[in-house]
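Input: a single structure, listed below in structure tokens.
Residue numbers begin at 1 in each chain, while the letters A, B, ... track the order of the sequences. Everything numeric here is computed off the predicted structure, so don't read it as measured data.
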2 protein chains.
Amino acid sequence: MTTTVLICDDHRIVREGLRQIVAGVPGVDRVETAASGEEVLARFPHERPDLILMDVRMPGLGGLEATRRLVSDNPDAKVIMLTAADDRDQVAAAVSHGARGYLLKDVSHEELCAAVAHALQGLDLVEPSLRRALAGREQLRTMPPGTQLTERELQVLTGMSQGKSNNQIGRDLYLSEDTVKTHARRLFRKLGVNDRAQAVALGFRRGLVT
Amino acid sequence: MTTTVLICDDHRIVREGLRQIVAGVPGVDRVETAASGEEVLARFPHERPDLILMDVRMPGLGGLEATRRLVSDNPDAKVIMLTAADDRDQVAAAVSHGARGYLLKDVSHEELCAAVAHALQGLDLVEPSLRRALAGREQLRTMPPGTQLTERELQVLTGMSQGKSNNQIGRDLYLSEDTVKTHARRLFRKLGVNDRAQAVALGFRRGLVT
DNA sequence: AGCGACGTCACCCTCGCGGGTGACCCGGAT
DNA sequence: ATCCGGGTCACCCGCGAGGGTGACGTCGCT
């Protein structure tokens, strides 16, 4: 039985770098690469990799959404999210979306090897420096729906990030301005912000909008 | 005489990946790595690398500002910016800041080797797919001061991206709210936007704020 | 049948935002 | 000496944004 690791990142350089490192891990027989979350979803059913290393920040389907869908369809999939050092929000979100663990992108060669080896043995990964960020993990998993942005709210936030007024957003979505304002108020509450500028900033930082 | 390439990226994985590739380029004798723009500035005078590969997106001193300062102090420095596929604004900005060229992060192994080899021969690099983005290069270089954000304006924009009101920004910077509003108006004009939400979005997209 | 989340819309009210304009000071370039 | 860019501050004005509240419909779950 062969052990396969699938690497997913939109930057070829990162893919190759990871491949070089992961290929040297004892017990890893094959290393595959994918350039997008969509590709992972499409290939997983056929290739059944034992472990997936996936970047959070990707164009199109982001790492979070890709993981959520993947794990939803394939509960046995093991996903380790790769993240920059500064997006703890995304890390917490990743775990709540079904990732088995996460790694900072600036881990050393050795740490990465060890992490992959551990993950292949079925262990979940928690980077020490960010352990506290996961203290609220259970809260995230069992978080009442009231704290996740709904589709509509995300559409309104996207409109805001494009500099549109509530009225313009309403016309785009075939809604009244008052309805847009209602969604705006609700998403402000969920994000814990007071105005659209803050919402846009937080949206960018959390990767909700691009 | 040895030929040295200095790689600068905040992610160790990317550094190692690039090192693997660049080390194989004919004519390259040494490959050094740095984790931040500050480190490059500090080490350049002593090590005098023949070529620097620098990521645009880095915490602290960004790739753009690091390049600007480096080239300002050392006009003979050769810098190639590494950029994601979607930030053309930053590419144009990079060139205007003194970079000799740029590469998309998902270039192939071969393209990267060829690019490094060319750069070491003193040629500037222009990725075909983004050549048009540089049509305005001269405009950028000779751009009248009226279109670059001033230090104050950037401070105000930063405050906006942190969700602060004009009043709060004023208190932070020891200015009156009216003065903040004046800076806000001016930076809106320069960015071509109508409100702070648009300004924040554009700021994030152009890498002016993080 | 009841409940809660979501979506839609409306009304009121307050306040900060953004635009326009004018003014003064400073420093560097011509 | 003059001009211009930048910084600082002030006034007025209109409008959109944001908060509060209430309402009604549709789901899906229990």
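Atom C1' of nucleotide C/dC6 and atom CD of A/Glu151 are separated by 12 Å, given to the nearest angstrom. Atom-to-atom, OH of A/Tyr174 to C1' of C/dG7 comes out at 18 Å; the value is rounded to the nearest Å. Regarding B/Gln155, its CD atom lies at a distance of 14 Å from the P atom of D/dG6, rounded to whole Å. In this structure, B/Leu175 places its CG atom 5 Å from P of D/dT8, rounding to the nearest Å. The CD atom of A/Gln198 sits 16 Å away from the P atom of D/dA17 (whole-angstrom rounding). Rounding to whole angstrom units, CZ of residue A/Arg189 and P of C/dC6 are separated by 15 Å. Straight-line distance from the NE2 atom of A/His183 to the P atom of D/dG19: 16 Å, rounded to whole Å.
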Self-check item: Verdict with supporting geometry, A/Asp172 and A/Lys164, side-chain contact (heavy atoms from CB on, under 4.5 Å)
Solution: CA-CA 10 Å; A/Asp172 288 356; A/Lys164 293 174 181 162; 2.9 Å; yes
Practice problem: Give the intermediate values and the outcome of side-chain contact (heavy atoms from CB on, under 4.5 Å) for residues B/Leu154 and B/Thr150. | Solution: CA-CA 6 Å; B/Leu154 202 55; B/Thr150 67; over 6 Å; no
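The NE2 atom of B/His11 sits 8.0 Å away from the CG atom of A/Asp55 when rounded to the nearest 0.5 Å. Summarising the geometry, atom CG belonging to A/Leu18 is positioned 5.0 Å from atom CD1 belonging to A/Ile7; distances are rounded to the nearest 0.5 Å.
Look at B/Ser176 and you'll find a side-chain N or O under 4.0 angstrom from OP1 or OP2 of D/dA10. In this structure, B/Thr150 reaches the D/dG7 phosphate: one of its side-chain N or O atoms is under 4.0 Å from OP1 or OP2.
Of all the heavy atoms in B/Phe188 and B/Arg196, the pair that sits closest is CZ-N, 3.5 Å. A/Thr67 and A/Met54 get closest at one heavy-atom pair: OG1-CE, 3.3 Å.
No hydrogens or angles were tested; on distance alone, a donor-acceptor pair under 3.5 Å links the side chain of A/Arg186 to the base of C/dG7.
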Quiz item: Which letter, B, S or -, goes with each nucleotide of nucleotides 11-18 of chain C from 5' to 3', with contact meaning a protein heavy atom under 4.0 Å?
Solution: B-----BB
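At a threshold of 4.0 angstrom between heavy atoms, the contacts of A/Thr179 include nucleobase atoms, whether or not backbone atoms are also involved.
At a cut-off of 3.5 Å, with distance as the only test, a side-chain donor of A/Asn167 or A/Glu177 sits close to an acceptor on the other residue.
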